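First comes the structure, then the notes that go with it.
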Protein chains: 2
Amino acid sequence: MPAGRGISAAPPSAGAPPPRRRPPTMQDVARALGVSTMTVSRALRDGTSINAETREAVLRAADELGYVFDSTAANLRRQRTGFVAVLIPSIDNANFADTVGALSAALAAQQLQPLLGATAYDPRQEEALVEQMLRRRPEAIVVTGGRHTARCRRLLETAHIPVVEIWDNPAAPIGHIVGFSNARSAEIVVDHLAAQGFRRIAFLGGDAAGDARGRQRREGFVAAMRRHGLEPSRRVATGTPPVSMRSGALAMRDLLARFPDTEAVACVSDLAAFGALSECQRRGIRVPGAIAIAGFGNFEIAESCVPALTTVDPAPRQIGRAAAAIVKRALAGGDRRETIIIEPVLIVRQSTIR
Amino acid sequence: MPAGRGISAAPPSAGAPPPRRRPPTMQDVARALGVSTMTVSRALRDGTSINAETREAVLRAADELGYVFDSTAANLRRQRTGFVAVLIPSIDNANFADTVGALSAALAAQQLQPLLGATAYDPRQEEALVEQMLRRRPEAIVVTGGRHTARCRRLLETAHIPVVEIWDNPAAPIGHIVGFSNARSAEIVVDHLAAQGFRRIAFLGGDAAGDARGRQRREGFVAAMRRHGLEPSRRVATGTPPVSMRSGALAMRDLLARFPDTEAVACVSDLAAFGALSECQRRGIRVPGAIAIAGFGNFEIAESCVPALTTVDPAPRQIGRAAAAIVKRALAGGDRRETIIIEPVLIVRQSTIR
DNA sequence: CTGAAAGCGCTAACAC
DNA sequence: GTGTTAGCGCTTTCAG
């Protein structure tokens, strides 16, 4: 049943054309003009050799018919989709949202369409998503973190498309990396706090099973504390990711109960840090007078709150842009593996100044 | 040149198979098993009549060959893509990020893949994006707001797919609506402030050209003030969207300079409200003692800061879920237009309590 | 500069 | 339960 028109069996030449249910194709445009589909195809792209007037006529006819180019067909024929799969743990996190925002914008400038997927911090969900995404034949794939299930790794390796792992610096990368040393970022915070003369320094968060990046920060904290000859055991949990302001406040309460003599707190995220700060404000604990607080992420809140929070800038937008740039070069034929490490930058603000 | 293999012209039966550059297809799997492609096709889907053992064999062979289903081909043949286009002004906004998060999750549960696009609050960019998206043959499209260029409207109307306009309540909707009355949300804030006895109430933000929702809130402010017999002229700008904490702080500075006797401020967003609050804290102005502050959006910050901010909950996740539900029903054949209005809910907190 | 033929990888429709 | 045929809407290729 190529056309379930209606009752009339009159030839198309007689009377007005019957209302089509299916959208018009290049063939329809071609027929309306008495040219071949190839001519239409050429008129619709640039860089093709075609008579200027013919092109005009085609464009006009296409517009009148309400023709919309069908890229699903073109994709199949050309074996290129223009898709880039992008997997992140969650959009409900300003850092990832920023990365995705910058990445999407940069991809759009290259005529690439991101296929976004959220893994909810779960490697199994990541595996399922990778499998789904690959069916859509993306030209490249960007994944967050370097921890994957074995099958997921295999899928990524055998897909024969550029793979970019972001927000991490895995020991055994699959392809390209836009790395960020979470451990290092915790270390520079500890270095700063120690330099300020704080000794009894606590770490808040980074305990959750799924949150590899948070855990790495906590490990960096422990390493840096040892290096400074300080006791790294003051650690409290914030619960499952994503870390929230509320969980930061609860963790601060926990911390004050367990380690009341704490002088400074390094938090796994600015959200937790702000929650901790608020908890102090509610209790009338002076920050930084009685206790210093540092965060992570350089969220907007860290700059705006009072006192402004010392934090680490992981440059999420820079990570997104770098990933897009790698994708661009890889698709242009560059075949060497790239490793870009975004160095964490400490931003010192009032919350940790003695 | 159907296969640019290499040098060898030996038949495939001789020796090891040459390394393929192109990924294996159903045909390859079928050949490996001596069955037809249809058998493979059936084995890979469920709900098809096929011998259980045959299916097993096919799945095993597919796995060994590293076969990955190609949905671009299936999409073309079936004339269904499983895509849903989703256009928002920006991801760098917690409200939109939340809407997208909830929408994406709900779509994923329906095996639908969102195609995300950011318009940067610009109707022209929206038009270009709509056009691009439609080429990918989405099965439905979700757009933010009810203001579009004429051509954009026409494109949406003639696409013959479900259209959902969210975060707005346009007078002349294109298709479905998941509405939210921005004006109403400002009104309930004014009602609350007036009930608290405040008279000299200001509005902060909502002046930007591209930000239709912010402007609607400001208009709602003016209307409500008039209704209460109050003077609505205390308004200051926050600059171009997205509204930031910093712009809120700057606007507060402006407000204090121009209208120093202001008693209460309704802000276009919680971010602006928090910026305003911080500015007051820096200047030692008591909130709510000397000046009351209300926000919009029920961002996490509003609950966590001290004092906690009175705000309006627009339920962004609810909007996302409602949009996904409409898409689901529309794709299932429901052909009546749906209008779901999410009622703004006032959340009263300390920042406006006398 | 334009057209005819073939085919991308899959599935609807119809045999058997 | 399985196979054969045709074709989704485009573009590559080659001929004119």
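Keep in mind the model is a prediction, meaning the values are calculated, not measured. Quick note: numbers below take in every heavy atom, side chains included, and nothing from hydrogens, waters or symmetry partners.
Using modelled atom types, one side-chain atom of E165(B) and one backbone atom of I174(B) make a donor-acceptor pair closer than 3.5 Å.
Remark: Y67(B) in residues 57-68 of chain B come within less than 4.0 Å of DNA chain C through at least one heavy atom. Against DNA chain C, the stretch residues 71-81 of chain B makes heavy-atom approaches under 4.0 Å through A73(B), A74(B), R77(B), R78(B).
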Show the numbers, then the answer: is there a side-chain contact (heavy atoms from CB on, under 4.5 Å) between R80(B) and R137(B)? CA-CA 8 Å; R80(B) 295 195 47 206; R137(B) 294 289 188 267; over 6 Å; no
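Heavy atoms of other residues, nucleotides or ligands lying less than 6.0 angstrom from CZ of R147(A) number 12 at most. Counting non-hydrogen atoms of neighbouring residues, nucleotides and ligands closer than 6.0 angstrom, the CZ atom of R55(B) exceeds 12 such neighbours.
Going from atom CZ of R45(B) over to atom P of dG9(C) covers 17 Å, rounded to whole Å. Rounded to an integer number of Å, the gap from CZ of R55(B) to P of dT2(D) is 10 Å. What separates CG of D28(A) from P of dG9(D) is a distance of 9 Å, to the nearest Å. For L44(A) and dT12(D), the CG to P distance is 14 Å, given to the nearest whole Å. Counting to the nearest Å, the P atom of dG3(C) and the CE atom of M26(A) are 14 Å from each other. In this structure, the CZ atom of R135(B) is 16 Å from the P atom of dG9(D), given to the nearest Å. Distance CZ (F69(B)) to P (dC8(C)): 17 Å, rounded to an integer number of Å. Here the C1' atom of nucleotide dC1(C) and the CD atom of E53(A) are 13 Å apart, to the nearest Å.
Here S36(A) does not reach the OP1 or OP2 of dT2(C): none of its side-chain N or O atoms lies under 4.0 Å away. Residue T54(A) places at least one side-chain N or O under 4.0 Å from the OP1 or OP2 atom of dT2(C).
Residue pairs meeting the salt bridge (Lys or Arg N to Asp or Glu O under 4.0 Å) criterion with at least one member in residues 34-47 of chain A, sequence neighbours excluded, do not occur.
Test I166(A), N93(A), T144(A) against T99(A) for side chain to side chain contact (heavy atoms under 4.5 Å, CB included) and you get one pass: I166(A).
For the pair R136(B) and F69(A), the cation does not sit on the ring face, since its NZ or CZ is not both under 6.0 Å from the ring centre and inside 45° of the axis.
Picking from dG3(D), dT2(C), dT11(C) the nucleotide with the shortest atom distance to the side chain of T37(B) gives dT11(C). Nearest to the side-chain atoms of T39(A) among the listed nucleotides dT2(C), dC10(C), dT12(D) stands dT2(C).
Between R317(A) and D92(B), at least one side-chain nitrogen of the basic residue sits less than 4.0 Å from a carboxylate oxygen of the acidic one, meeting the salt-bridge criterion.
With the nearest nucleotide of DNA chain D identified for both R42(B) and M38(A), R42(B) has the one nearer the 5' end. A residue-by-residue look at V35(B) and D70(A) shows that V35(B) has its nearest nucleotide of DNA chain D further toward the 5' end.
When only modelled atom types and interatomic distance are considered, Q125(B) and T119(B) share no side-chain donor-acceptor pair under 3.5 Å.
R78(A) is linked by a side-chain hydrogen bond (donor to acceptor under 3.5 Å, both in side chains) to nothing, counting only residues two or more places apart in sequence or in another chain. Judged as a side chain to side chain contact (heavy atoms under 4.5 Å, CB included), and not counting sequence neighbours, the contacts of E64(B) are R60(B).
Across its full length, the helix from dC1(C)-dG16(D) to dC16(C)-dG1(D) shows an angle of 30° between the axes of its 5 terminal pairs at either end, rounded to 10 degrees.
At the heavy-atom level, S49(B) lies under 4.0 Å from base atoms of the strands shown.
In this structure, NE2 in H148(A) is found 5.5 Å from CD in E126(A), a value given to the nearest 0.5 Å.
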